[in-house]
K.L.:
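Before I ask anything, here is the structure I am working with.
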Amino acid sequence: MDTADRLDLVSRHTQEVVTEDELEGLFEDGDPSAYIGYAPTGEMHIGHFTTMRKLADFLRADVDVTVLIADLHAHLDDNKSPFDLLDARSEYYRVAIEGMIDAAGADPDDVEFVRGTDFQLDEEYTLEMYRMAAETTIARTQRAASEVVRESESPNLGGLIYPLMQTLDVKALDADIAYGGVDQRGIYMLSREILPDHGGHSPVCVFAPLLSGLSGGKMSASDAASKVNLTDSPDEVEEKIGQAYCPAGDVEDNGVLEYLNHLVFPVLDVEGEPFVVERPEEYGGDLTYESYEAVEEDFVSGELHPADLKPAVGTAISEVIDPVRERLLDRPELLAEAYPETYGDE
RNA sequence: CCGCCCUUAGCUCAGACUGGUAGAGCAGUCGACUGUAGAUCGACUUGUCCCCCGUUCAAAUCGGGGAGGGCGGACCA
């Protein structure tokens, strides 16, 4: 595979690459390494899946991929995960992520999994963190973390350590590329700025878009109706998609189309399957699409009505998450232990 | 270590002075209207009033104690 193809694979379905030139340089030098970090906090949903699916693109482009389960980060971010649940949530995240990679058509064994506490307590790492703390202002750190760390009236110190550690993770994992949602942009821009002063080098950054929630506007972790969980049953998925904000002809804030574009079609492509919309004869009969662009064209023109699109997308999403759902339902203890408040049977 | 302030619905808060066992906005649920959803109307729901003890016929409200949080002061050899 030549550099142009690799660039294309890595940058498709992304919002931004910082910078394209640097990325090209990495490919010309050989096989670069990339990492994505996830703080094991709340339950995973299709938003995570969409970001994770791209790992299949990285692998196809011969990029070495590491997934960091950032357990300490999950605790440092305003106690999103209680310290006692870090083990259970880390395990749940690992299994869920393996399932997503598998469902995306790649082999989970090709990805290296690392847990934050495996190396973040090393003396060298810790010492460098203190030195960073001495050299970085509170304001700079807050700005970097503002899109990631939970805003609170009385923020904890942990939220400020968070971006410094994330920066050191890049170095510790020896990653050429830092991949994540655009919400991570602030932190990685800080990393590019200060990591060279701390024995590392500025990572190339690849940012995935944050897709709209199903209620219109941004997806919200606290709004169950705005997202599809990986363990939602087919009925629940179709129900949620049916309830989704989806104005006819309008692509703006349209989660239904966005998930079709960034999640469903890439997976269908791997399987070589088209996207089929079943439609009553009364409205013109069934439709078959080979590309997202064709769907969008019909949607914008009014040829394809939301009421016909929704059930088709619901079914498609349900099928896409099915391998993940199966893995998780196969091991119900994972969720029960990770989220005892929700799934505990006591 | 000292002083002051805060804690009421999922969220933001009112009610406390002048005790009568709780309210608003937003959110949510359900209908109407749309071949979906939203918007818009219409209806509805929501609570260990942080915990304990006490006063009282009666405590979110008064008194005492405690917990959590915030702000300030003091200390600075």
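Reminder, nothing fancy here: chain letters follow the sequence lines and each chain counts from 1.
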K.L.:
Provide the distance between the two P atoms, one in B/G25 and one in B/G65, to the nearest whole Å.
P.N.:
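Here B/G25 and B/G65 have their P atoms 39 Å from each other.
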K.L.:
Should B/C17 form a Watson-Crick or G-U wobble pair with both distances under 3.5 Å, which nucleotide is its partner?
P.N.:
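Because no pair has both required distances under 3.5 Å, B/C17 counts as unpaired.
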K.L.:
Where the side chain of A/Y35 meets the backbone of A/Y179, is there a donor-acceptor pair that is under 3.5 Å apart?
P.N.:
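Absent.
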K.L.:
Under a 3.5 Å cut-off for both distances, is B/G68 Watson-Crick or wobble paired, and to whom?
P.N.:
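Result: B/C6.
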K.L.:
Between B/C5 and B/C62, how many Å separate the two P atoms, rounded to a whole number?
P.N.:
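Straight-line distance between the two P atoms is 12 Å.
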K.L.:
Taking B/G64 as the reference, what is the distance to B/C44 when you measure between their P atoms (whole Å, please)?
P.N.:
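Going atom to atom, P in each nucleotide, I get 43 Å.
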K.L.:
What is the distance, rounded to the nearest whole Å, between atom CG of A/N254 and atom P of B/A39?
P.N.:
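Computing the A/N254:CG to B/A39:P distance gives 15 Å.
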K.L.:
Given atom CG of A/L260 and atom P of B/A37, what is their separation to the nearest angstrom?
P.N.:
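Taking CG of A/L260 and P of B/A37, I get 20 Å after rounding.
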K.L.:
Looking only at atom P, what distance separates B/C52 and B/U45, rounded to whole Å?
P.N.:
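My reading of the P atoms in B/C52 and B/U45 gives 29 Å.
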K.L.:
Determine, stepwise, if the pair A/T167 / A/S191 fulfils side-chain hydrogen bond (donor to acceptor under 3.5 Å, both in side chains).
P.N.:
CA-CA 5 Å; A/T167 293; A/S191 303; 2.7 Å; yes
K.L.:
Using the P atom as the point on both nucleotides, what is the distance between B/C50 and B/U61, in whole Å?
P.N.:
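To the nearest whole Å, 8 Å.
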K.L.:
For B/U7 and B/C49, measure between their P atoms and round to the nearest Å.
P.N.:
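My reading of the P atoms in B/U7 and B/C49 gives 14 Å.
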K.L.:
My understanding is that a pair needs two contacts under 3.5 Å, Watson-Crick or G-U wobble. By that rule, which nucleotide pairs with B/G35?
P.N.:
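Result: none.
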K.L.:
Could you state the CD-C1' distance from A/E278 to B/U36, rounded to the nearest angstrom?
P.N.:
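Whole-Å distance recorded here is 17 Å.
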K.L.:
Using atom C1' in both nucleotides, what's the gap between B/A60 and B/C76 to the nearest angstrom?
P.N.:
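Per the computed distance, 44 Å lies between those C1' atoms.
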K.L.:
Rounding to an integer number of angstrom, what distance separates B/G54 and B/U18 when you compare their P atoms?
P.N.:
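Approximately 24 Å lies between the P atom of B/G54 and that of B/U18.
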K.L.:
Sort out the partner of B/C30 for me: Watson-Crick or G-U wobble, both distances under 3.5 Å, none otherwise.
P.N.:
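By the stated definition (distances under 3.5 Å), B/G42 pairs with B/C30.
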K.L.:
Under 30°, 30 to 60°, or over 60°: which ring-plane class applies to A/Y93 and A/Y38, parallel, tilted or perpendicular?
P.N.:
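The rings of A/Y93 and A/Y38 sit tilted, inter-plane angle from 30° to 60°.
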K.L.:
With A/H305, which residues qualify under side chain to side chain contact (heavy atoms under 4.5 Å, CB included), at least two apart?
P.N.:
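A/H305: side chain to side chain contact (heavy atoms under 4.5 Å, CB included) contacts with A/A307, A/D308.
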